[in-house]
Structures are given as C-alpha cells and as structure tokens.
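The structure under discussion appears below in the form of structure tokens.
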There are 2 protein chains.
Amino acid sequence: MTLKIAIAEDNSFLAKAVIEKLSFFNDLDFKFKGNNGAELIGKLEVNHNIDVILMDIQMPEMDGITATEIVKSKYPHIKIIMLTVFDDDENIFNAIKAGANGYLLKEIDAENLHKCILEVINGGAPMTPSIALKTLNLLRNPLIIDNSEEVEKIKLTNRETDILEHLSKGLNYNEIADNLIISPSTVRKHIENIYKKLQVHNKMEAVLIAQKHKLI
Amino acid sequence: MTLKIAIAEDNSFLAKAVIEKLSFFNDLDFKFKGNNGAELIGKLEVNHNIDVILMDIQMPEMDGITATEIVKSKYPHIKIIMLTVFDDDENIFNAIKAGANGYLLKEIDAENLHKCILEVINGGAPMTPSIALKTLNLLRNPLIIDNSEEVEKIKLTNRETDILEHLSKGLNYNEIADNLIISPSTVRKHIENIYKKLQVHNKMEAVLIAQKHKLI
DNA sequence: TAAAAAATAAGGCATTTGTCGTATTGATTA
DNA sequence: TAATCAATACGACAAATGCCTTATTTTTTA
C-alpha cells in the first residue's frame, strides 16, 4: 500500500527537492503541490484522497498554520507534517495548536523524511530533536494547549456551516434567510438540524460548541 | 530620602528574590507585599504611603493588570512597575492601558532594578529593551489600539459584567438568576440595560460587542 | 447628609426562538 | 437503480427573549 502525499511549499526549488526525496521510495506517492496554503486547500477540494501533507509555514496568500487549521477541520483524517526552516517557539506552538501531527526542519534527509512519514501514519508525532526539546518547554509553560482530540468528530454540511457562521455574527433567522436567499423556514430547519448534531438548544451554545470543535 | 516599595507577587520564592535585590540599596525601603492584586490593595487600604509598587501580572484572585487599574485610580501618586515574565503584546498593552509606569522582565538584576525604580520616580518609563521594542511595534500597529480607547469607553457595572459573562456561556435568564441568586426579572432588567449600553438587541450581539471591547 | 448610581423586583405584550411533523427536489452513493 | 443525503419549504405551538413601565432598597459619591 502506497501513501498519498501532498505538499504546500512556495519555493519551487525546495519543493522540487522534497519531491525528489519522496521519489526514492515506492511506498510514497506524490500527488500534487500547492504554492501556498490556499492553493493546497483548493486542490484538496478536488481531491482529498491524501494521507499526508508536508506543509511549509511561511507562504504568501495563506501561511501553513492557517492552512493546517482549515485542512484539519475539513479533513481530519489527513496527517500534516510541518516542514520548515522556522524553529521558533511561536511557530511551533501555533502549528501544534493548529493540529499539526509532526514538525520537521527542512534539512532533513530522504531516509529520515520517509521514516517520519511512516511514523505519522502510525499515529506518531515525528519531530527533529531540537523541536522536540522546544515542545517540552512549551508544555512546561501552562499555555493553553487545546486537546480537542478526535473524541467524535461532528460533521456539519456546508450549508449548516454557512448558517452557523451567520448565527455567530448575531443575525436572526430572517436576516440569515435574506443573506443566503432562502426562506426563513429553511433557515429554521437547518438550525434545528445543527442543534441536534451539536446537542444544544440555543444559538449561544451552538456557537460555543462549534468554536470549541473548530467547526467555524 | 528613601523610597517606600511594595510588591505584588504570588510566587514566594520570586518575591523573596526581589526583596533581597531591594535590600542591597539603603535608599529603598521595602514595606510590604501582597500575594495577589487584591491582597496588595487591601494592604494599601491600611498604608498607602508608598512610592513604588512592583507588580506581577499573573496572580490568583486578582491579576496585576486589574490591580494596576484600581491602584492608579485610588492612589494616582503611586508609581507602578510591572515586573513579570510575560512579554506578550497583549499584556504589555493592557498594562500600559491600565496605567503602569514601567514594564520590566523578572530576570532583571539588582543594579538595574534600582536604577529603574529611581527612573520611574523621576517621571521616566523604564522598560527592558525588548519590551521597549514591542511597545514601539504596538504603537506602529494601530490595529490593536482600537476603539476601546478614549473613543467612548463603554462602562458596565460589576453586576452587568457578571451577567454578560453568564450570557456568553449560553445560560438562559432562569439559569443566570439561579446562579446569581436573584430573580429572573432582575436578570432581564440587567440585560435590558446592557443592551442599551452596548446598543444591541440580542444576546449574541451583546457577547460579540463585549468581547470586541474586552468587557468580558 | 443629600443626590446619584446600582441592584433588586414585577407585570405586560409583541417578537423571536426552539421543537415538533411533514414534504418535495436534486445529488450522491451503495 | 434504489436508497440516502442535502437543501429546500410550511404550519403549529410552547417557551424564551426583547422591550417598556414602574418601584423599592442599597450602596456609592459628591
């Protein structure tokens, strides 16, 4: 069984180098690359049959942290390994918070990269030693590390997410209906369904739970 | 003439270290310490013949930012130097807003601390270089210094803030009433007043605006 | 101490929301 | 192709909310 890999990387030389590293192993199948976070997400929209994403951090249009957040909320099954030159606390912490599964520095050699990809697929959290040290330090600092594990991923439809976002802005049923050009009845029905999925009974709770689960 | 110093610090080891630093100089007279902001204010109530307060930020019961606000309003003559491990924008900005006269990091050595205390007494604004840099950046970035400034500070009473916090948790009128042990009618009236102050017309908007203005 | 602000409480009424049930249509999937 | 899902839409009813008025008691401030 081969693992399907996607890459987000703005520097085409580095991207090429990474792809070449991957090509040495026939259990790794490079699928596509995005030149920035947004592009990657756009391509995932078309094909999200991907096992692992190698994600750069600093990219134009959309950085890797933001992209990780979005990918993780939309496709929780995809493993994400940050592959970057930045090893500062801020980035590490944000990447972890965004849901990254691993954090590697770009100097990594092909052999190790291969090993780390396998490791992340097996539920591990591969990272280079220096990063591992920093993560420990971050953990010692009781900053808020959100452990919203895969307790039970709540799945909302696109329309439900739309409506939830409008709800969270403080709009009422009629305003939402106007915005989405559907009838208030439909808005009500959607909200009813959202409440059932989130197991809540009013707007505020719905928004709170949705934010907690990063659904909006 | 000796300067009278008070300290607010929850970690007794750190407090001890600071007091020892002060003891090296005979123009500094350590008066008392509070284990948190509230305690300090309590002790100031008894004796506010103090020139400088060295204030920690993160403390139980009452944090240093809140304490600074209160001390500054009750005893404007007292100079306050934040002495903390936190150098994030948020804290720096809030401390400044609260009226802090200086902002130092805890690693500071005795000599420097002494110098900074004299500096603040002479109307200066002592801060460690890294903090000074961040303050500059904060000033450059006008997005953080938003409308919550002198535009027109919305003032909620304590009770209104209580209720708003409950609202933001998704509780309904009866639940809030139960929690605060008041009648639902009173809760309604408070919420009505909150809406008027924030110029909103429902819970969600109230919470959104309150968060934007950091009222909760 | 007098005045102002804050906290408490109730009644009434229109509007909005939460929860049912039911139903049609197009798209996706097994 | 049959079944399921997603999106659309209405009606009805109870509960909750928003908005107005009035009023008493504490607490704070001038």
What are the two closest non-hydrogen atoms of B/L14 and B/K106, and how far apart are they? CD1-NZ, 3.6 Å
Do you know the tightest heavy-atom contact between A/C116 and A/P126? O-CG, 3.5 Å
May I have the distance from B/H190 (atom NE2) to D/dC19 (atom P), rounded to whole angstrom? 17 Å
Heavy atom of residues 174-189 of chain A under 4.0 Å from DNA chain D: which residues? A/I182, A/S183, A/S185, A/T186, A/R188, A/K189
What one should report as the nearest heavy-atom pair of B/Y173 and B/K203 is CE2-CE, 4.1 Å
Round to the nearest Å and state the distance from A/E192 atom CD to D/dG11 atom C1'. 12 Å
Calculate, to the nearest 0.5 Å, the distance between atoms NZ and CG belonging to A/K33 and A/L54 respectively. 13.0 Å
Calculate the interatomic distance between A/N193 atom CG and D/dA9 atom P; express it in whole Å. 14 Å
Can you run through DNA chain C from 5' to 3' and write each base as (, ), [, ], | or . depending on how it pairs? Watson-Crick or G-U wobble, both distances under 3.5 Å. ||||||||||||||||||||||||||||||
Can you tell me the distance, in whole Å, between the OH atom of A/Y195 and the C1' atom of D/dA15? 13 Å
Pick out the pairs of N or O atoms, protein on one side and nucleotides 27-30 of chain D on the other, that lie under 3.5 Å.
none

Could you tell me which non-hydrogen atom of A/S168 sits nearest to which non-hydrogen atom of B/L208, and how far apart they are? O-CD1, 3.2 Å
If I compare all heavy atoms of A/A67 with all of A/G37, which pair ends up nearest, and what's the gap? CB-CA, 3.7 Å
Ion pair check, A/K169 and B/E205, cut-off under 4.0 Å: no
A/I163 CD1 to D/dA6 P, in whole Å, measures 14 Å
Quick one: closest heavy-atom pair of B/N11 and B/E9, and the distance? N-OE2, 2.9 Å
Side chains of B/H114 and B/D27 only: does a donor on one sit below 3.5 Å from an acceptor on the other? yes
List for me each residue that meets side-chain hydrogen bond (donor to acceptor under 3.5 Å, both in side chains) alongside A/H166, sequence neighbours excluded, and say none if there are none. none
Calculate the interatomic distance between B/N172 atom CG and D/dG18 atom C1'; express it in whole Å. 14 Å
With a 4.0 Å cut-off (strictly under) to non-hydrogen atoms of chain A, the first and last hit nts on DNA chain C, 5' to 3', are C/dT17 to C/dT22
Would you compute the distance between atom CG of B/L22 and atom CZ of B/F30 and round it to the nearest 0.5 angstrom? 7.5 Å
Atom-to-atom span, CG of A/L156 to C1' of D/dC5 - whole angstrom: 14 Å
Supply the atom-to-atom distance A/I7 CD1 to A/L83 CG, rounded to the nearest 0.5 angstrom. 8.0 Å
Results of salt bridge (charged side-chain N to carboxylate O under 4.0 Å, His left out) for A/K189 - residues two or more places apart only: A/E192
D/dC5 C1' sits how many Å from A/I194 CD1, rounded? 16 Å
